[in-house]
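Because the structure is predicted, anything quoted here is derived from the model rather than measured. Labels below follow one simple rule: chain letters A, B, ... track the order of the sequence lines, proteins then strands, and each chain is numbered from 1.
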Amino acid sequence: MEIFNHNSNIHFLGLRKFSVGLAVLLVVASIALLVTKGLNYGLDFTGGVSIEAHYTQAVDTNGVRDTLIKGGIEDPVVQSLGGTRQVLIRFQPKDDTHNPPKDGKVNLDLVAADVSKALQAVRPDAKVVSRSYASPQVGAELRSSGIVAAIFVIVGIGLYLWIRFERRFAVAALVTEVHDVLVTLGVLALFQREFDMTALAAVLAVIGYSINDKVVVFDRIRELFRLARKAEPEEILNRSINSTLSRTIITSLFTGIAMGALFFFGGPSVHVFAVTMLIGIVVGTLSSIFVASPILLWLGVSKKDLMPVTKENPELARRP
Amino acid sequence: MSDFPRWKYALVAIAMVLGILYALPNAFVPLSAVQVAATHNAPVDAALEQKIVAELQKDKIAYQNITLRHDKAKGDNILIGFANGDLQKSAADALKPVLGDDYTAAFNLESTVPHWLQAIGARSMPLGLDLQGGVHFLMRVDQSDVVDKQEVRYTEDITALLREKKIHYTSVTRNSVHGKGVVVVLPTEADRKAASDEIATSFPDLDVTNGPNTGDRYVLNAVVKPDKLRELAQNTIKENLGTLRNRINQLGVSEPLIQAQGDNQIVVELAGVQDPTEAKRVIGAVATLEYVAGLGGPGDPATQDAARTGNIPPNAHLYYGSHGEPYLVSKRIIVSGDELVDASSGSDPDNGSPSVNVSLNSVGAKKMLDFTRDNVGKPMAVVYVERVTNTKMVDGKEVITPKITYKVINYATIQGVFGSKFQTNGLSSPKEASELALLLKGGSLAAPMDIVGQSVIGPSMGKQNISKGLDAVLLGLALVLISAAIYYKLFGLVADIALFFNLVILIAVMSMIGVTLTMPGIAGIVLTLGMAIDANVLICERVREELRNGSTPLASIRAGYEKAWSTILDANVTHLIAALALTTMGSGAIRGFGVTLLIGILTSLFTSVTMTHAITALLHGGRKKLKTLSV
């Protein structure tokens, strides 16, 4: 079975002004979104309020959650703390509709009182036994280590491509990579999906996934350059994209299928991860086809840069 | 294909068998269990076992088994297995009031892996906090200790400064009210002015104000500025977080969550900790050593007299050793734990008994040198000071009392003059030595910390996550398998076999290394499954291309694998770099995901290239006149 015509010869590079223009537009839009709307950081990054409540009779966590939502606490996370009578409630201070933070300061006593009131309205046996507020300091730590990891990835991959391929390939891959990450983040900011630790992991995994995609095309470009007698860069690049097109799309579909399964059946804790991956797969696939090669072309890739380095053989040079 | 070497077939076969064997333990669901252990020295014996059985029967809570385990290292305990988490919960709730303060009843898991599998070292992956629950600690940092240290420091520093600047002073003392700084008393107004200026310029962190003057007592108050105190408090939390991280890392707990809460609390969540008592001991105990002059061993009449009558000489403390024997030691501390730089456990080169090798900083080393120079041949005692917190309910309120226990762990004659490096002997077991070294090396905390809350996170949420995670993995696998088989026919089926074994080997490797499985880890597995097929897509597309170019089937297979290999390698190395970065991330959940991805990339390289090649060679190699390929 074949979905794609193996003789396809779509002139992708002919579209380069349009496709790269669109990519630049998307990046600008994403940056604008990230600046204006920003990411909807989750508890992992922002810290938050956590309240421990004890009941004298058994209670179930879903019931507590519903009670809290009715009592004016938006989007609380309720966890059982061992036994059936202790729950841990966590939420963002801004989600307490009665006492949202004033001037960025959280009045923990008022927030805890709201929770207590909400719980006791339904279950008089509820008692808030401890209340705490997590500082955003840990989130800052997490964010900075995320940035460090991203830089590590970009530098590491750049170096590898530089050594294995050539400088222009490294630059083209990295520029496209930055595009992929920014656009993925931009989409997350647009839909205000909660950005938690798993989303950060997914963004870093997207880097890995999409670089994988680019390398496959680059590999073909190198191969075709070496084989071709008369190497017209534009034609070689176009041929490379076309002959890897089937693979690019099939692999994306397969990975997409797996992520779809994770999204629909993996439960809420991996939702954001699956969504981020799916966005990243779409963005990465498109940029592999439409963005990476035009950049490579503009950087001026040529056959002689890619020929395997032949050692100077004095023996051969002396021969007539 | 004759060019496929025989040893590779063998390698593939061995990998398949080992993969299945070492992945197998994960199929045995552990029993939900309750572990009963003593908090102090209460007996854990058959009588206690009967008490538990009686209570469970009274409440009609069915249990699967009950075992009394004698464990020298961790202390005796009783493990009761239950069919499900609900029974486990009810049992823990029922047992807690019966057992009282002397025992803990904590959630635990009981392995059901058959003995023959355990014998070959196969074990199941430990599950993270989100999959099985775990321990949750709330610690409070004693910030008043920070203020104390600052005030003591400034008292000394101001005294030194005044002496250096030759300013006459009557006294320099800490204010009797805690947190009110240092009180300097000077004989004249002029002296006070001079002292005030000097202190203000030398110590910009102090607020200096004039106090009341009576007769020839001119008072100067020096208080640490509130900003500085706030900064110190934040640093204290940061330092304590770091120390806790070190201690917990050394416990071997993966994916710990250690988080500051407010300005004086720290939350610790330990996923996969089976035994909260040990974690609590290591986290909660603030242990330090004090080196003091020994004034009398257990055999000394003076010591025996003091122990019997309670009349302790004014310059001495009466402490006891690990076997309850009394010692008299000097009140003057030679060197204390915060002057300690490093401690490592080892064995005494002379008699092989467990010992701790200690290094001191220069200040400590100088003090030790001064003391030992004058006291060779005299006894020196090492006192182990441990701070444990007890929580009691009084009138419905929690009353927390820190309990400080002193134990003489070593009482020996000073053999020679020493300074920065020496050995502490007399520890009863290598475990005790390593635990002590660990606690000391973990660093003396910037401020003492007490556990003010401890809970065990219920496994019900974990159960739900496990079943959802399993669904996602199986469904993702099934969908990819079906799609590959439809799209690439026989080659797709071969890739399917490899993909299935990729999952098996990935789980086997994770189990062998002991990677803690978390939800992000499961997401990593699903992602690996989706991406592992990529290598096969590359190979199949190559084989198709070669066929289209008119190569014979066998040549196409060979060329397909050869040409695809360099692409697969480049693609996977770059991907590996990304996974590596994920594993270096500080945060627990992301690291779990990264480790899974990293192992997944490596296993998929093997299964999707070597394994499929072997199967393909097996299928097509014998048929010389192969006309078509099903790809």
Side-chain angles (χ1 to χ4, degrees), chain A residues 1 6 50 52 61 79-86 130 132-135 137-138 141-142 145-146 149-150 152-153 156-157 160-161 164 197-198 200-201 204-205 207-209 211-212 215-216 219-220 243 246-247 250-251 253-259 261-262 265-267 269-270 273-274 277, chain B residues 89 92-93 107 130 136 138 259-262 265 453 455-458 460-461 464-465 468-469 471-472 475-476 479-480 483-484 486-487 519-520 522-523 526-527 529-531 533-534 537-538 541 544-545 548 566-567 570-571 573-575 577-579 581-582 584-587 589-590 593 597:
Chain A
M1 182 178 146
H6 56 259
S50 92
E52 197 176 323
T61 50
Q79 254 178 314
S80 156
L81 274 178
T84 49
R85 303 191 299 250
Q86 308 170 7
S130 84
S132 2
Y133 168 65
S135 75
Q137 183 201 329
V138 184
E141 238 171 65
L142 189 65
S145 66
F152 178 90
V153 173
I157 289 174
Y160 180 78
L161 292 183
R164 277 284 288 179
M197 203 130 73
T198 63
L200 176 63
L204 292 168
I207 301 184
Y209 175 83
I211 203 79
N212 195 349
V215 165
V216 172
D219 217 76
R220 189 57 71 98
S243 49
S246 170
R247 176 265 154 202
I250 291 297
T251 294
L253 281 180
F254 282 169
T255 315
I257 286 171
M259 285 299 108
L262 192 65
F265 301 96
S269 59
V270 288
F273 176 87
M277 269 321 286
Chain B
K89 268 188 196 173
D93 284 349
F107 288 149
D130 51 351
H136 167 101
L138 183 63
Q259 206 176 346
Q261 249 188 193
Q265 287 183 335
S455 342
V456 178
I457 290 179
S460 66
M461 206 179 94
Q464 193 187 329
N465 273 338
K468 287 200 162 152
D471 285 355
L475 240 118
L479 287 173
V480 174
S483 319
I486 293 174
Y487 200 72
M519 272 318 267
I522 290 179
V526 179
L527 182 62
L529 290 180
M531 295 190 61
I533 200 83
D534 178 51
V537 174
L538 280 164
E541 293 287 333
R544 280 181 177 183
E545 259 180 64
R548 279 199 293 270
S566 104
T567 312
D570 282 338
V573 169
T574 46
H575 200 196
I577 294 172
L582 280 165
T584 59
M585 289 276 299
S587 156
I590 296 186
F593 169 75
L597 207 57

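Each of B:Leu475, B:Ile522, B:Leu597 has some count of heavy-atom pairs under 4.5 Å with chain A, and the biggest count is that of B:Leu475. Across B:Val480, B:Asp471, B:Asp534, the residue that shares the most heavy-atom pairs under 4.5 angstrom with chain A is B:Asp534. Of the listed residues (A:Leu262, A:Val270, A:Leu253, A:Ile250), the greatest number of heavy-atom pairs within a distance under 4.5 Å of chain B belongs to A:Ile250. Of the listed residues B:Leu479, B:Leu529, B:Val573, B:Ile533, the one with more heavy-atom pairs under 4.5 angstrom with chain A than any other is B:Val573. When B:Thr567, B:Asp570, B:Thr574 are compared by the number of non-hydrogen pairs under 4.5 Å with chain A, B:Asp570 comes out ahead. Chosen from A:Gly208, A:Ala274, A:Gly156, the residue pairing most often with chain B at heavy-atom distances under 4.5 Å is A:Gly208.
Interface residue A:Arg164: only side-chain heavy atoms are found under 4.5 Å from chain B. At a 4.5 Å heavy-atom cutoff, the contact between A:Asn212 and chain B is made by backbone and side-chain atoms alike. The parts of B:Ala484 that come within reach of chain A are both its backbone and its side chain, each placing non-hydrogen atoms under 4.5 angstrom from that chain.
With a 4.5 Å cut-off on side-chain heavy atoms, A:Phe273 and B:Pro520 do not count as touching. Side-chain contact between A:Val215 and A:Leu161: present, with at least one pair of heavy atoms (C-beta onward) separated by less than 4.5 Å. For the pair B:Phe593/A:Thr198, no side-chain contact is recorded, criterion being any heavy-atom separation below 4.5 Å from C-beta on. Looking only at side-chain heavy atoms (C-beta outward), B:Leu527 and A:Thr255 come within less than 4.5 Å of each other. Using a 4.5 Å heavy-atom threshold, the side chains of A:Phe265 and B:Lys468 count as separate.
The cationic group of B:Arg544 lies under 6.0 Å from the six-membered ring centre of B:Tyr487 and within 45° of the ring axis, placing it in a cation-pi geometry.
One finds a salt bridge joining B:Glu545 and A:Arg220 here, because a Lys/Arg side-chain nitrogen approaches an Asp/Glu carboxylate oxygen to under 4.0 Å.
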